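All remarks here apply to the structure that follows.
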Amino acid sequence: MQARDIHGGVHFHLPAAPAESRRPAPCQLPPVTPRFVGREGDLRALDALRGERPPHAAQLLVVSGLAGIGKTSLVCRWLQEHAAEFPDGQLYADLGGHAADGEAGPVPPGTVLEGFLIALGAPAVPESTAQRSALWRSLTSRLRLAVLLDNAFSAAQTRPLLLGSPAGVTLVTSRNRLTGLRVEGASVHCLEGLAPEPAAALLALGGGTRIAREPAATDQVVRLCGRLPLALCLASAQLAARPHRSVADLAHSLSQGRAPLDTLRVDGEAVMRTALDTSYALLPREAAALYRRLGLLPTDRYDLHLVTALARPPEGAPEAAVVDVEVADVAVVVDVAVDALVEAHLLEETGPGTFRFHDLVRPHAERVGKNEETPADQERALRSFVDWCLAGAAGAERILTPSHRPPEPGAPELAVSVRPFDGPEAALGWLDSHRGGLMGALRECSRAGWDTRCWYLADRIWPLFLRFRPSALWIEAHRLGLDAARRAGSRAGEGRMLTSGAIGLRDAGRYAESADWYRQARELAVGDGDVRQQAQAVNGLGHLCLLTGELALARAHFEHALRLRESIGYRRGAALSRRRLGETALAEGDLEAASRYLRRAHADLTALEESYEAARVLALLGHVRDRAGDHTGGMADLVESLGRFRSGSARSQHWEARCLEWLGQAAEAQGQRAQAVRYNEAALELFRQLNPADAERVAARLRQ
């Protein structure tokens, strides 16, 4: 609001970003096992390799070796010791280089880049791997960052993920030597088995004084285990579980493997299989049942809530069908079973209450699960997992997108529940960390014919797609959900999959397919008399036209959607349609109409307490006012929006950068060249982290 005339010069200075808005540095490395022994020489070797690199060259270290030899533990310990040198964070990705039969195989570089970009604060991720790699290089060009690419399959898989700056370091582990990375300047360290003395010390953690009393048998066990730390830990745990068993008996058991010991020179599978079979046979009944069922699940991470859901009998099923216990308190049984699995080195603890299988253990757990569980028990375990995913996703959706209308009556009744989330950050973190399991559950529902659960789950994880924009998963989930809704005969589900899936297709740049989905949704909604869903489809078609420059058609669609939304009293939707009409008028050069639409949209969204949407509209309004010649008013709106995007519920780096760019244009229009440069430089700094095309546009303006 302005009080009459203002005399003299008016200057808007770039507000400093508040310190508390800085995103925490990611710390994703797995914890180092407390049984890390005998690797002092290897740690010094990594130091030496890094010291040999020229100061201007990118740092790339490769550690290769057999499965279970301790590559990940070594690299994590080395990075732990050098953590102070990488204050901008430590990123981790398991590249899945040696997936078991039936698994997806090596993880595509684009999928890894998506996770890294999100971890570093990118609010939107490009569709193609090339674009993601370019954004990754821009984002990390000046960061002192450590990146661990674990379990790589090939040099080609890692190349788009490498840091190009000498300020950071990339470490790659692989069972292969990855000689192709030498072209990229990589230094390679081949990890061998433990020396006899630390290998015996590892056995002594479980074997105690028996190790010293039976040196010959100890040497035989060390040899049979191939001096592999993982195999030695399993053997040590077996000695601890049977304190009266001699080391010689253990050596005899290990020597009965079903394949020649020479196989150990290839990948260690023979001795590992024998060691795992023996460890599994020693488990208490409850722990063995839990091990089998965890192996059946299509996920790579577990937490206590999931484990408890898996162990809890479904409604109407005998308790023995899930975990055969006679104790009423399932949580106590789960704690005991999990402790037994961790103690036996069959399950790794990755954080407070979170667990994973080693990549050599998981296929074994899956095998015994499929071999020893009845088909009915396998189905019950998978259904418990799916219901746990549904319950968690529904809880996150209620917090993150409360306006996301629930689907038609007849939702599946869930036999499990999850602990309520503490707030939006916890809910979003849960969705992000469990995205692999959520997609695994979706695929399992589709395969098993659990159609209602399938499309409901795709619908419930909407906040994951909205906030993180994982295009490939978004599209896959809605294709599966659409097919399932049609098989289930749910027209409401079909409509929701079409409109939500069309947004994913649009974000991926697949405009023609997106338009087809929107048209199908519109026809379906018209036939059902669903005005709100019809308006959603029409508004989506308008957005596609706006993006492709068909402005007259875009305006017609938005006006139609506005009439539909107003006819049912949907104020939020009407305000969003007015915002799009304002953007269309701006593109047409009709600044008066744009201002009129945006002012009304801003007033309605503010009244509805839609802080993020209101801030976006205010920024657009400020840009329109500046374009119309009201530089003072326009800059005031932009400065206010900028503050909102820097902190609070409307925080958005993308819109912060857009405000800065528009403020630069406004300052330039008033001849404030120095101020314009400062605004554009601040915008460029953010766009370099977000989108190379936007960064180049601002850089070109600065060059002028």
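It should be emphasised that the depicted structure is a prediction, and the values quoted were computed from it without experimental measurement. Sequential numbering from 1 along the given sequence is applied to the chain's residues.
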Write down the atom of [X], the atom of [Y], and the distance for their closest heavy-atom approach.
{"X": "Asp507", "Y": "Trp474", "result": "OD2-CZ3, 3.8 Å"}
{"X": "Gly664", "Y": "Asn680", "result": "CA-ND2, 3.6 Å"}
{"X": "Ala393", "Y": "Leu457", "result": "CB-CD1, 4.3 Å"}
{"X": "Leu163", "Y": "Leu145", "result": "CD1-O, 3.6 Å"}
{"X": "Cys659", "Y": "Ser641", "result": "SG-CB, 3.8 Å"}
{"X": "Ser64", "Y": "Lys71", "result": "C-CD, 3.7 Å"}

Fill in: Pair listing, salt bridge (charged side-chain N to carboxylate O under 4.0 Å, His left out) test, anchored in residues 137-147, at least two apart
Arg142-Glu685
Practice prompt. Could you list all the salt bridge (charged side-chain N to carboxylate O under 4.0 Å, His left out) pairs where at least one residue sits in residues 108-123, not counting sequence neighbours?
Written response: Glu114-Arg132, Glu114-Arg435
Do [X] side-chain atoms and [Y] backbone N/O form a donor-acceptor pair below 3.5 Å?
{"X": "Ser133", "Y": "Pro160", "value": "yes"}
{"X": "Thr140", "Y": "Leu143", "value": "no"}
{"X": "Ser138", "Y": "Ala134", "value": "yes"}
{"X": "Gln157", "Y": "Leu95", "value": "yes"}

Worksheet item: Yes or no on salt bridge (charged side-chain N to carboxylate O under 4.0 Å, His left out) for Arg579 and Glu583, after CA distance, side-chain angles and deciding distance?
Response: CA-CA 6 Å; Arg579 175 208 160 181; Glu583 289 181 288; 3.5 Å; yes
Partners meeting side chain to side chain donor-acceptor pair (under 3.5 Å) with [X] (sequence neighbours left out):
{"X": "Ser433", "value": "none"}
{"X": "Gln59", "value": "none"}
{"X": "Thr354", "value": "Thr350"}
{"X": "Asp150", "value": "Thr72, Tyr92, Thr173"}

Discussion item. Quiz question: by atom type and distance under 3.5 Å, do the side chains of His623 and Asp637 form a donor-acceptor pair?
Written reply: no
Residue pair [X] / [Y], side-chain heavy-atom distance below 4.5 Å:
{"X": "Arg50", "Y": "Leu171", "value": "no"}
{"X": "Leu60", "Y": "Ser187", "value": "no"}
{"X": "Val63", "Y": "Val188", "value": "no"}
{"X": "Val147", "Y": "Leu161", "value": "no"}
{"X": "Leu686", "Y": "Asp694", "value": "no"}
{"X": "Tyr302", "Y": "Val338", "value": "no"}
{"X": "Pro463", "Y": "Leu431", "value": "yes"}
{"X": "Cys233", "Y": "Leu202", "value": "yes"}

How long is the span from the [atom1] atom in [X] to the [atom2] atom in [Y], to the nearest 0.5 Å?
{"X": "Glu348", "Y": "Phe357", "atom1": "CD", "atom2": "CZ", "result": "10.0 Å"}
{"X": "Glu661", "Y": "Leu638", "atom1": "CD", "atom2": "CG", "result": "11.0 Å"}
{"X": "Leu79", "Y": "Leu61", "atom1": "CG", "atom2": "CG", "result": "9.0 Å"}
{"X": "Leu428", "Y": "Leu464", "atom1": "CG", "atom2": "CG", "result": "8.0 Å"}
{"X": "Trp78", "Y": "Leu46", "atom1": "CH2", "atom2": "CG", "result": "6.5 Å"}
{"X": "Cys389", "Y": "Met439", "atom1": "SG", "atom2": "CE", "result": "11.5 Å"}

Check this for me: does any side-chain nitrogen of one of [X] and [Y] sit under 4.0 Å from a carboxylate oxygen of the other?
{"X": "Arg701", "Y": "Glu668", "result": "yes"}
{"X": "Glu640", "Y": "Arg644", "result": "yes"}
{"X": "Arg443", "Y": "Glu476", "result": "yes"}

Discussion item. The test is side chain to side chain contact (heavy atoms under 4.5 Å, CB included); show your working for Arg301 and Thr299 and say whether it passes.
Written reply: CA-CA 6 Å; Arg301 58 181 297 144; Thr299 183; 4.2 Å; yes
Worksheet item: Does the side chain to side chain contact (heavy atoms under 4.5 Å, CB included) test come out yes or no for Val107 and Asp94, once each step is laid out?
Response: CA-CA 8 Å; Val107 180; Asp94 183 347; over 6 Å; no
With sequence neighbours left out, write down each residue that passes salt bridge (charged side-chain N to carboxylate O under 4.0 Å, His left out) with [X], or none if nothing qualifies.
{"X": "Asp303", "result": "none"}
{"X": "Arg616", "result": "Glu613"}
{"X": "Arg39", "result": "Asp42"}

I'd like to check the ring-ring contact (aromatic ring centres under 6.0 Å, His included) partners of [X]; sequence neighbours left out, ordered by chain and number.
{"X": "His434", "value": "Trp388, Trp430"}
{"X": "Phe86", "value": "none"}
{"X": "Phe116", "value": "Trp136"}

Discussion item. Could you go through Leu505 and Tyr511, starting from their C-alpha distance and side-chain angles, then the distance that decides it, and tell me whether this counts as side chain to side chain contact (heavy atoms under 4.5 Å, CB included)?
Written reply: CA-CA 7 Å; Leu505 291 164; Tyr511 292 165; over 6 Å; no
Practice prompt. Could you tell me how the ring of Trp655 sits relative to the ring of Trp662: parallel (under 30°), tilted (30 to 60°) or perpendicular (over 60°)?
Written response: perpendicular
Item to complete: Check the pair Gln90 / Gln28 against side chain to side chain contact (heavy atoms under 4.5 Å, CB included), numbers first and verdict last.
Response: CA-CA 6 Å; Gln90 300 171 332; Gln28 300 180 346; over 6 Å; no
Discussion item. Is the positively charged end of Arg697 above the ring of Phe687, judged by distance under 6.0 angstrom from the centroid and angle within 45° of the axis?
Written reply: yes
